[in-house]
Q: 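Quick one: the structure is below, and I'll ask about it shortly.
In what follows, chains carry the letters A, B, and so on, assigned in the order in which the sequence lines appear, proteins first and then strands, with residues in each chain numbered from 1.
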Amino acid sequence: MGLVSPLFALVDCNNFYVSCERVFNPRLEGKPVIVLSNNDGCAVARSNEAKALGIKMGAPLFKIRDRVKTHGIQVYSSNYALYGDMSQRVMKTILNFTPDIEIYSIDEAFLDLSHLSRCDITAYGRRIKATIKKWTGIPVSIGIAKTKTLAKIAGGIAKKSQKTGGVLDLTISPCLDRSLALTDVKDIWGVGPAYSRFLKENNINNALQLRNVNNNTFIKKKMGVPGLRLIQELQGISCYPLEISPPPKKGITVSRTFKHPVETLSEVEKAIATFISMGAKKLRKERSVAGVLMVFIMTSRFRKGHQYYNMGTIRLPVPTSDTSELMKYAGKGLRKIFRKGYNYKKAGIIYKELRPENQIQTVFFDCKDRNRSVKLMQTLDEINEKIGPGTLKYASAGLINDRQWQPVSNYRSRSYTTNWDQLLEI
DNA sequence: TCTGGGGTCCTAGGACCC
DNA sequence: TCTGGGGTCCTAGGACCC
């Protein structure tokens, strides 16, 4: 530690969701393809061809229907079972090269390459890229640099520039400055719309200009401590180390936008009950219990006029991951915030103050039989694991066909890799 | 009548990420 | 008509305490 100066690589899957669909449907190669968010709402992944047609990230499907039609854009509902499984395959492939990997998101990983001999770094990157493509079918770009922020910039250029062949090492300085000058501030990791506007108002337009800023207090005032770290990272001083084992989660959220607005308390109750159950399952998978439960409901933020948003917070007497107990409290919370006369478009639950399940302190007057509840939940999870999700559930979540709020996905591909009934046919 | 200052904790909101 | 979901961190301001 500390003897070797750090060297990071960022492995970033290209248009990940689209690439996953292409692995199992090669006819999509070379065609414009988009993958939609929940409820087939917005485009959340676009192939290069779709980007070239001007389809923006997050564009609502109903606004791009005409282009979809005229250009024959291939449309897919998101298939998270497939993407999650493909992600695992990519990460396992990387682990064949080094154990020092931080899985940063479903389609990105940081690698620590500090201990590698510096002369053949780019060749090493190319081997990783070729192996991932060969073993999983997923194309990736790789950026290499002294800090994570610089590796992100390198990866961004590697993805766009044909010349790099998908791998760019920015440790060599003339190349570094040129790349920074070519990087718009809005494309820097950690710079969003607000900071981008602020920087441009002050004539800081690219990453090189930001790196060379000498008035730190003015940055600190507007962008806080993260702003200062950002500049350091651009200067090659690493502020964000590799995090090999992920820190424990601080909260678990389950929320959905309803395709059709929901008016009645009983409909919202069913949705909330379902979210409680989904979230409780996640809690148990993490071997955690929640100390605080929050319930929220809201009307559409795109609608003019009467809006309503509210959140109910409930401190649980004893932290728990028991579905029926959580449902009881969620119902109370919901009834506190529910108002008649609104069209609700979205609702959700949040579990907070998570802690390991083996650290619960019971209160003296706790009358619930906790051992029995733990056994019941284990049985429930096992049955749903074996026979299929949703085999056993609580009646309060509603029966399959009376859920008006339930999501739609009209363009779903099959779960090629995770469901025996949906394997690829040849 | 004159009425301090420092510390902690909590929460809401803003900013960012994918 | 139709507009995603799940996270993190930081900061400012209020409540409260001594």
Q: Is the F8(A) to W189(A) ring centre distance short of 6.0 Å?
A: no

Q: Who are the side-chain hydrogen bond (donor to acceptor under 3.5 Å, both in side chains) partners of D187(A), not counting sequence neighbours?
A: none

Q: Is it true that Y17(A) and Y76(A) have ring centroids separated by less than 6.0 Å?
A: no

Q: Using only side-chain N and O atoms of K346(A), determine if any of them is under 4.0 Å from OP1 or OP2 of dG5(C).
A: yes

Q: Tell me if a side-chain donor or acceptor on E108(A) pairs with a main-chain N or O of L10(A) at a distance below 3.5 Å.
A: no

Q: Could you state the atom-to-atom distance from CG of D40(A) to C1' of dT1(C) in whole Å?
A: 15 Å

Q: Looking at the side chain of P226(A), which of dC2(C), dC16(B), dC10(C) is the nearest nucleotide?
A: dC10(C)

Q: Do V33(A) and R22(A) come within less than 4.5 Å of each other through their side chains, counting heavy atoms only?
A: yes

Q: Expressed as a whole number of angstroms, how long is the span from K285(A):NZ to dG6(C):P?
A: 14 Å

Q: Just the rounded figure in Å: distance from P of dC9(C) to NZ of K148(A).
A: 12 Å

Q: Measure from the side-chain heavy atoms of K282(A) and tell me the nearest of dA15(B), dC18(B), dG7(C).
A: dG7(C)

Q: Ring of Y104(A) versus six-membered ring of dC18(B): centres under 5.5 Å and planes under 30°?
A: no

Q: Output the single nucleotide from dG4(C), dT8(C), dC18(B) whose closest atom is nearest the side chain of K250(A).
A: dT8(C)

Q: Under the side-chain hydrogen bond (donor to acceptor under 3.5 Å, both in side chains) criterion, do S141(A) and D12(A) qualify, and how do the steps go?
A: CA-CA 5 Å; S141(A) 304; D12(A) 190 353; over 6 Å; no

Q: Verify the contact: side-chain N or O of R303(A) to OP1 or OP2 of dT3(C), cut-off strictly under 4.0 Å; return yes or no.
A: no

Q: In whole Å, measure the gap between the P atoms of dT3(B) and dC18(C) for me.
A: 24 Å

Q: By the 4.0 Å heavy-atom rule, please label I252(A) as base, sugar-phosphate, or nothing.
A: sugar-phosphate

Q: Within less than 4.0 Å of OP1 or OP2 of dG4(C), is there a side-chain N or O belonging to N39(A)?
A: no

Q: Return no unless some side-chain N or O of T257(A) is found under 4.0 Å from OP1 or OP2 of dG5(C).
A: yes

Q: Could you state the atom-to-atom distance from CG of L10(A) to P of dC17(B) in whole Å?
A: 14 Å

Q: Measure NZ/K186(A) against P/dA15(B) and give the value in whole Å, please.
A: 19 Å

Q: If each of T253(A) and V225(A) is mapped to the nucleotide of DNA chain C with the nearest heavy atom, which maps nearer the 5' terminus, i.e. the 5' end?
A: T253(A)

Q: Between V254(A) and C42(A), name the one whose nearest nucleotide on DNA chain C is closer to the 5' end.
A: C42(A)

Q: In this structure, how many angstroms lie between the C1' atom of dG5(C) and the OH atom of Y80(A), rounded?
A: 7 Å

Q: Separation of F110(A) atom CZ from dC17(B) atom P, in whole Å?
A: 12 Å

Q: When you measure from the side-chain N and O atoms of R256(A) to the phosphate of dG6(C), is any distance below 4.0 Å, counting only OP1 and OP2?
A: yes

Q: Please tell me whether F198(A) and F218(A) form a close aromatic pair, meaning their ring centres lie under 6.0 Å apart.
A: yes

Q: Quick one: which of dG5(C), dA15(B), dC18(B) gets closest to the side chain of S105(A)?
A: dC18(B)

Q: Over how many whole Å does the gap from Y309(A) atom OH to dA12(B) atom P extend?
A: 9 Å

Q: Hunt down any stem DNA chain B takes part in, defined as 3 or more consecutive Watson-Crick or G-U pairs whose two distances are each under 3.5 Å.
A: B:5-18 with C:5-18

Q: Checking all strands, does L230(A) fall into the base, sugar-phosphate, or nothing category for heavy-atom contacts under 4.0 angstrom?
A: nothing

Q: To the side chain of E108(A), which of dC18(B), dG6(C), dC16(B) is closest?
A: dC18(B)

Q: Between Y344(A) and Y342(A), how do the two ring planes meet: parallel, tilted or perpendicular, split at 30° and 60°?
A: tilted

Q: Between dC10(B) and K352(A), is there an OP1 or OP2 to side-chain N/O distance shorter than 4.0 Å?
A: no

Q: For the side chain of K163(A) and the backbone of A158(A), is there at least one donor-acceptor N/O pair under 3.5 Å apart?
A: no

Q: To the side chain of R229(A), which of dG4(C), dC17(B), dC10(C) is closest?
A: dC10(C)

Q: Can you identify which nucleotide, out of dC18(B), dG7(C), dG4(C), has its nearest atom closest to the K152(A) side chain?
A: dC18(B)

